[in-house]
Amino acid sequence: MANVIVIGAQWGDEGKGKITDLLSRSADVVVRYQGGVNAGHTIVVKDQTFKLHLIPSGILYPKTECIIGCGTVIDPEVLLRELDQLKELGISTRNLLISETAHVTMPYHRLIDQASEERRGSHKIGTTGRGIGPTYADKSERIGIRMLDLMDQQGLHEQLEWTINYKNVILEKLYNLPPLDPQEVIDEYLGYAERLRPYVVDTSLKIYDAVRRRRNILFEGAQGTLLDLDHGTYPYVTSSNPVAGGACVGTGLGPTMIDRVIGVAKAYTTRVGEGPFPTEIHGEAGEHLCSRGAEVGTTTGRQRRCGWFDAVIGRYAVRINGMDCLAITKLDVLDELEEIKVCVAYEIDGENCEHFPRNARQFARCKPVYKTLPGWRVSTSDCRSLEDLPGKALNYLKFLAELMEVPIAIVSLGASRDQTIIVEDPIHGPKRALLHPETTSASLLSA
């Protein structure tokens with residue numbers, strides 16, 4: 001039995017969906033613990049592509065129980081659309097459970113999110129405009145609507161009549177937008193409630209019961225470490241905690257019940273939206289990574305900014321999350337490059353820095369210090385073992401493992417499930433065995 005957290009080690013979009021999907025084969029339960037429809041996971045199975053925003057990736061396995069934890073925020077309209085799409089594709093959703101205390105994204109959240117971002121002008125953060133931040137803000141202000149409130153018709157009337165009138169003042173006076181009709185919103189969301197009612201339960205109890213029964217549980221985060229509200233590149237962050245600690249808060253499970261944390265990182269770096277990005281590259285090399293890596297956001301359709309691998313933020317992510325091992329994705333995107341750069345440190349105002357600076361202004365002044373490695377100039381997409389990899393590609397992976405100070409357990413070489421090298425199974429392997437290269441097959445990629 002193992003309880004494993006899958007974490008993004010960069011700014012999100014690292015390919016967590018595919019890695020979670022792979023690990024779900026060994027999991028009895030998959031739990032999404034934070035974020036909302038601002039996240040998106042793309043999974044390719046044979047000739048079918050699945051784009052999931054709220055439903056855990058494990059839904060593609062009929063025997064796997066999937067849970068949306070209390071740390072998520074749920075847009076019922078989007079969730080129902082996702083459920084309908086899966087059913088049309090012949091995917092059963094009978095095993096889905098939704099936390100009764102997860103907060104609900106309302107129409108006024110989306111309107112305020114979009115209007116607020118527009119008003120920021122040159123100071124915009126780069127939000128998706130899906131109402132995620134305002135939903136979490138209402139949660140903190142203690143005026144939020146939870147799934148259990150949605151199920152209570154009389155209580156919902158009482159809550160929403162006051163809340164919508166309160167929000168209408170903001171919409172009209174601050175943003176010059178037309179007010180919402182409370183009754184229309186109430187009727188719309190009561191309709192959602194009836195369809196979602198069979199899924200809504202006390203998920204913390206379900207998760208604890210699964211732990212007691214010694215079932216394998218996979219905790220799936222959205223976004224990445226550098227987008228964490230407390231530990232990311234603030235203010236250019238999301239509104240929740242994608243880091244490993246967020247899995248406990250967002251599910252109601254104690255930290256002593258977590259066995260392992262696996263980080264997911266691309267073989268290069270990408271970022272969506274605003275904010276400093278020290279290793280960002282422009283011109284032909286950046287365009288190559290964007291085109292070859294199909295770097296377009298699953299949720300927003302925005303083109304991602306591309307750059308070389310940044311080991312400074314990588315080491316930071318390892319430390320913040322207590323990572324045991326890594327999954328490196330999109331190695332094949334680098335196949336055609338003659339030279340590949342890796343950021344090993346920063347230069348700030350003429351001084352060398354090997355640690356991630358927490359001051360946003362200071363971070364914006366960081367200049368990358370690069371180590372240049374030779375490219376392999378051959379395709380890796382058909383490689384299925386470490387021995388199949390070109391020597392220079394293997395050396396690149398070993399160099400990343402040394403810099404990050406954790407071993408690499410999985411290497412992804414394409415979007416399909418079978419385009420993967422499993423060095424060590426993070427779920428079934430003995431706890432922390434990966435940290436001892438003399439006792440594991442992961443020694444080839446160990447620090």
Side-chain angles (χ1 to χ4, degrees), residues 7-15 224-228 231-234 236-237 263-290 292-293 295 304-321 323 326-331 333-376 392-408 411 445 447:
I7 294 294
Q10 296 162 321
W11 275 286
D13 308 309
E14 301 95 347
T225 299
L226 274 296
L227 290 179
D228 187 271
H231 302 288
T233 50
Y234 190 90
Y236 304 101
V237 294
V264 184
K266 281 177 182 166
Y268 50 102
T269 310
T270 62
R271 180 168 194 177
V272 171
E274 307 300 317
F277 186 1
T279 67
E280 184 173 12
I281 47 179
H282 303 281
E284 187 176 342
E287 291 172 3
H288 173 83
L289 292 178
C290 186
R292 171 105 184 185
E295 295 298 350
R304 297 175 186 135
R305 301 154 64 189
C306 295
W308 300 116
F309 189 91
D310 188 334
V312 180
I313 66 170
R315 287 191 296 268
Y316 175 74
V318 168
R319 173 169 65 86
I320 289 295
N321 293 292
M323 291 180 189
L326 284 169
I328 297 294
T329 64
K330 294 197 173 184
L331 182 69
V333 173
L334 306 180
D335 284 351
E336 298 175 7
L337 298 177
E338 187 172 346
E339 290 185 337
I340 302 166
K341 294 182 179 181
V342 177
C343 174
V344 297
Y346 298 144
E347 182 186 294
I348 308 176
D349 301 331
E351 295 186 7
N352 197 65
C353 176
E354 295 185 355
H355 302 286
F356 168 62
R358 304 303 299 273
N359 184 301
R361 293 181 180 275
Q362 190 179 40
F363 186 53
R365 298 199 305 274
C366 286
K367 297 179 180 179
V369 177
Y370 286 121
K371 168 77 173 178
T372 301
L373 285 78
W376 41 94
K392 291 177 181 177
L394 185 60
N395 287 339
Y396 180 73
L397 291 172
K398 291 171 70 174
F399 184 63
L400 297 188
E402 287 178 13
L403 289 172
M404 301 278 275
E405 300 179 346
V406 287
I408 295 172
V411 181
L445 296 183

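Bear in mind the structure is a predicted one, so any value in this text is a computation, not a measurement. Hydrogens, waters and symmetry mates are skipped; everything else that's a heavy atom, side chains included, is used.
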Where is the tightest heavy-atom contact between Asn352 and Val369, given as atom of each residue plus distance?
OD1-CG2, 3.9 Å
Carboxylate-amine/guanidinium contact Arg292 Glu287, below 4.0 Å:
no
First locate atom SG of Cys366, then atom CG of Asn359, and finally report the distance between them rounded to the nearest 0.5 Å.
9.5 Å
Surrounding CZ of Phe399 (heavy atoms of other residues, nucleotides or ligands, distance under 6.0 Å), is the total greater than 12?
yes
If I compare all heavy atoms of Ala9 with all of Thr225, which pair ends up nearest, and what's the gap?
CA-OG1, 4.1 Å
Do the ring planes of Phe363 and Trp11 sit parallel (below 30°), tilted (30 to 60°) or perpendicular (above 60°)?
tilted
Please report the C-alpha distance between Thr329 and Val411 in whole Å, then the side-chain angles of each, then the deciding distance to 0.1 Å, and finally whether the side chain to side chain contact (heavy atoms under 4.5 Å, CB included) criterion is met.
CA-CA 6 Å; Thr329 64; Val411 181; over 6 Å; no
Rounded to the nearest 0.5 Å, the CG atom of Asp13 sits from the OG1 atom of Thr270 at a distance of 5.0 Å
Output the distance between atom CG (Leu373) and atom NZ (Lys392), rounded to the nearest 0.5 Å.
10.5 Å
Lys/Arg N to Asp/Glu carboxylate O, Glu347 vs Arg365, below 4.0 Å
no
Separation between CG (Leu337) and NE2 (His288), nearest 0.5 Å, reads 4.5 Å
Candidate pair Thr372 and Ile340, rule side chain to side chain contact (heavy atoms under 4.5 Å, CB included), full reasoning
CA-CA 6 Å; Thr372 301; Ile340 302 166; over 6 Å; no
Can any side-chain N or O of Tyr396 pair as donor or acceptor with the backbone N or O of Ala267 at less than 3.5 Å?
yes
Closer than 3.5 angstrom, by distance alone: can the side chain of Arg319 be matched with the main-chain N or O of Gly314 as a donor-acceptor pair?
no
Could you give all pairs that pass the salt bridge (Lys or Arg N to Asp or Glu O under 4.0 Å) test and reach residues 351-362, with sequence neighbours left out?
none
Donor-acceptor under 3.5 Å (Glu405 side chain, Leu403 main chain)
no
Does some side-chain heavy atom of Phe309 sit less than 4.5 Å from a side-chain heavy atom of Val344?
no
Exercise answer: donor-acceptor pairs, residues 277-285 side-chain atoms, under 3.5 Å, sequence neighbours excluded:
residue: Thr279; atom: OG1; partner: Trp308; partner atom: O; Å: 2.8
residue: Glu280; atom: OE1; partner: Arg305; partner atom: NE; Å: 3.3
residue: Glu280; atom: OE1; partner: Arg305; partner atom: NH2; Å: 3.0
residue: Glu280; atom: OE2; partner: Arg305; partner atom: NE; Å: 3.2

Nearest-0.5 Å distance, CG of residue Leu400 to CG of residue Leu326:
8.5 Å
Short side-chain to backbone donor-acceptor contact, Gln10 and Tyr268, under 3.5 Å
yes
Decide side chain to side chain contact (heavy atoms under 4.5 Å, CB included) for Ile328 and Leu397; before the verdict, give the C-alpha distance in whole Å, the side-chain angles of both, and the deciding distance to 0.1 Å.
CA-CA 8 Å; Ile328 297 294; Leu397 291 172; 4.0 Å; yes
Closest contact, heavy atoms only, Val333 versus Gly293:
CG2-CA, 3.7 Å
Assess the side chains of Asp310 and Tyr346: does a donor N or O sit below 3.5 Å from an acceptor N or O?
yes
From CD1 (Ile313) to CE (Met404), nearest 0.5 Å:
8.0 Å
Is the shortest side-chain heavy-atom distance between Pro276 and Arg271 below 4.5 Å?
yes
Hey, is the main chain of His231 close enough, under 3.5 Å, to the side chain of Tyr316 for a donor-acceptor pair?
yes
Considering only heavy atoms from C-beta outward, does the side chain of Cys343 approach that of Val312 to under 4.5 Å?
yes
Taking all non-hydrogen atoms of both residues into account, name the closest pair between Cys306 and Glu295 and its distance.
SG-CG, 3.8 Å
Is a side-chain N or O of Lys330 found less than 3.5 angstrom from the main chain of Gly15, in a donor-acceptor match?
no
Give me the atom names and distance for the closest heavy-atom approach of Ile348 to Gln362.
CG2-CG, 3.8 Å
Backbone N/O of Leu226 and side chain of Thr233: donor-acceptor pair under 3.5 Å:
yes
